[in-house]
Amino acid sequence: TLGAQAQPVAAAGPTLIRNATVLTVTNGTLQNTDVLLRDGKIAQIGQNLSAPAGARVIDATGKYVMPGIVDPHSHMMADAINEGSLSVTAMVRMTDVLDPTEVNIYRALAGGVTTINILHGSANTIGGQNATVKLKYGAPTSEMMFDGAPPGIKFALGENVTRKNRQDVARAMGQTLRYPTTRMGQEEVLRDAFTRAQDYKLRWDDYRKRQQAGDRAAVPPRRDLELEPLVEVLEGKRLVHAHGYRADEMLMLLNVAKEFGFKIQTLQHGLEGYK
């Protein structure tokens, strides 16, 4: 039942999985092997393990046990994917639109996916903030958030941002095209956003310095929810996950990151990454 699945794992007693084919991924395949779980964690792996008192015993003969699959780029269980109205939407958060009742959570768990990195879509040069989720079907989203996961943000490059396939249609309908419509425009958007973020950071650094010095006349800068996540990127506190396909656009992003002193955590898709 959903209620049973929503109970904390630690509340259950020990579980012994017997006689499985264990795919360790990093240590080879173990035949006819037992796995003992205590408090939701692997306590022991070996053959002919003894079942603790009150343990649930599962006969896994002919079945496989393997680590859970981590999906580093998911749009699952999100009620909205793109806030495509602006070039920079660093202020929006995937955590605000998660749907814990989506049936794909059940299907993903059935397929062995245990953890997902839910990213904003690729409509923007700088998209929204990510959500790292430990899948628990039937539980509220507050119980699914992965404790200690570093925060991230989605960037995107190339045609998804410039909307090449829609430009002619938009012009024919008399619509105003959203900037940028070229790769050179994307680079300008990035450099402009991080220039503003640097200035914003300097204003806050100056305020905190004056405050620590006892300056009672110091007035805090106005909060900017668009720039706060980008300051975290500059400080190495928020990871950049960048959608891209072509080598030239990825190189552009890496050069911009080098210029402003931050790193790109992952190049998502990266078809020409080998170049």
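The heavy-atom pair separating S74 from M76 by the smallest distance is OG-N, 3.0 Å. Of all non-hydrogen atoms in R222 and Y200, the two that sit nearest each other are O-CE1, 3.4 Å. L98 and A131 make their closest contact through CD1-CB, 4.2 Å (heavy atoms, listed as atom of the first residue, atom of the second, distance). Annotation for P52 and R38: closest pair CG-NH2, 3.4 Å, computed over non-hydrogen atoms. Between G84 and A123, the closest heavy-atom pair is CA-CB, 4.2 Å. Here the closest heavy-atom approach between residue S87 and residue P180 is recorded as OG-CD, 3.3 Å.
Inter-residue side-chain proximity for F262 and E232 is flagged as unmet; no heavy-atom pair is nearer than 4.5 Å. Between R238 and Q129, the closest side-chain pair of non-hydrogen atoms falls below 4.5 Å. At a threshold of 4.5 Å between non-hydrogen side-chain atoms, the residues F155 and Q268 do not count as touching. You'll find the side chain of V65 stays beyond 4.5 Å of the side chain of T21, heavy atoms only.
For the residue pair T29 / Q31, no side-chain donor-acceptor distance below 3.5 Å is found, with atom types taken as modelled.
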message: I'd like to know whether M94 forms a side chain to side chain contact (heavy atoms under 4.5 Å, CB included) with K154, so could you lay out the CA-CA distance, the side-chain angles of the two residues, the decisive distance to 0.1 Å, and finally the verdict.
response: CA-CA 10 Å; M94 301 311 295; K154 174 73 175 291; over 6 Å; no
task: Walk me through it: do K209 and D205 pass the test salt bridge (charged side-chain N to carboxylate O under 4.0 Å, His left out)?
output: CA-CA 6 Å; K209 183 185 293 186; D205 289 346; over 6 Å; no
Pair L190-M252, side chain to side chain contact (heavy atoms under 4.5 Å, CB included): steps then yes or no: CA-CA 10 Å; L190 287 166; M252 175 275 288; 3.9 Å; yes
- request: Give the C-alpha distance, both sets of side-chain angles, the deciding distance and a yes or no for side chain to side chain contact (heavy atoms under 4.5 Å, CB included) between N130 and H120.
  value: CA-CA 7 Å; N130 77 322; H120 187 275; over 6 Å; no
- request: For the pair M77 and N104, evaluate side chain to side chain contact (heavy atoms under 4.5 Å, CB included) and give the outcome as yes or no after the intermediate values.
  value: CA-CA 7 Å; M77 68 178 287; N104 281 342; over 6 Å; no
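More than 12 non-hydrogen atoms from other residues, nucleotides or ligands lie less than 6.0 angstrom from OH of Y179. Within a 6.0 Å sphere centred on CZ of R183, heavy atoms belonging to other residues, nucleotides or ligands number more than 12. In the displayed structure, L23 atom CG is contacted under 6.0 Å by more than 12 heavy atoms of other residues, nucleotides or ligands.
By the criterion of side-chain heavy atoms lying less than 4.5 angstrom apart, applied directly or through intervening Ile, Leu, Val, Met, Phe, Trp or Tyr residues, M250 is grouped together with I126 in one hydrophobic cluster. Residues V92 and I153 do not share a hydrophobic cluster, defined by chaining ILVMFWY side chains whose heavy atoms lie under 4.5 Å apart. L119 and I264 sit in two unconnected hydrophobic clusters of ILVMFWY residues. Membership requires side-chain heavy atoms under 4.5 Å apart, directly or through other members. The hydrophobic cluster containing L157 also contains L254, counting ILVMFWY residues as joined when their side-chain heavy atoms lie under 4.5 angstrom apart, directly or transitively. The hydrophobic clustering, which links ILVMFWY residues whose side-chain heavy atoms are closer than 4.5 Å, places L253 and L239 apart.
In this structure, the side chain of N117 engages the main chain of P72 through a donor-acceptor pair within 3.5 Å. Of the possible polar contacts, one joining the D224 side chain to the E226 backbone as a donor-acceptor pair under 3.5 Å is found. Judged purely by atom type and a 3.5 angstrom limit, N124 uses its side chain to pair as donor or acceptor with the backbone of L86. Looking only at distances, no side-chain donor or acceptor of R191 sits under 3.5 Å from a matching main-chain atom of F260.
Aromatic rings of H243 and H241 (six-membered ring for Trp) have centroids beyond the 6.0 Å cut-off, not under it.
In this structure, CZ on F194 lies 9.0 Å from CD on Q198, to the nearest 0.5 angstrom. We find the CD-CG distance between Q44 and L16 to be 9.0 Å, quoted to the nearest 0.5 Å. Here CG of L227 is found 8.5 Å from CE of M91. Values are rounded to the nearest 0.5 Å. Rounded to the nearest 0.5 Å, atoms CG (L49) and CG (L36) are 6.5 Å apart. Residue T61 holds its OG1 atom at 12.0 Å from CD1 of I17, rounded to the nearest 0.5 Å. Rounding to the nearest 0.5 angstrom, the gap separating the OH atom in Y137 from the CZ atom in R107 is 8.5 Å.
In this structure, H269 and Y245 have parallel ring planes: the angle between them is below the 30° cut-off, well short of the 60° mark.
Under 4.0 Å is where a charged nitrogen must lie from a carboxylate oxygen, and between D34 and R18 at least one such pair does. The residues D199 and R203 are annotated as not salt-bridged, no charged nitrogen and carboxylate oxygen being separated by less than 4.0 angstrom.
None of T114, V113, T115 except one satisfies the side chain to side chain contact (heavy atoms under 4.5 Å, CB included) rule with L135; the exception is V113.
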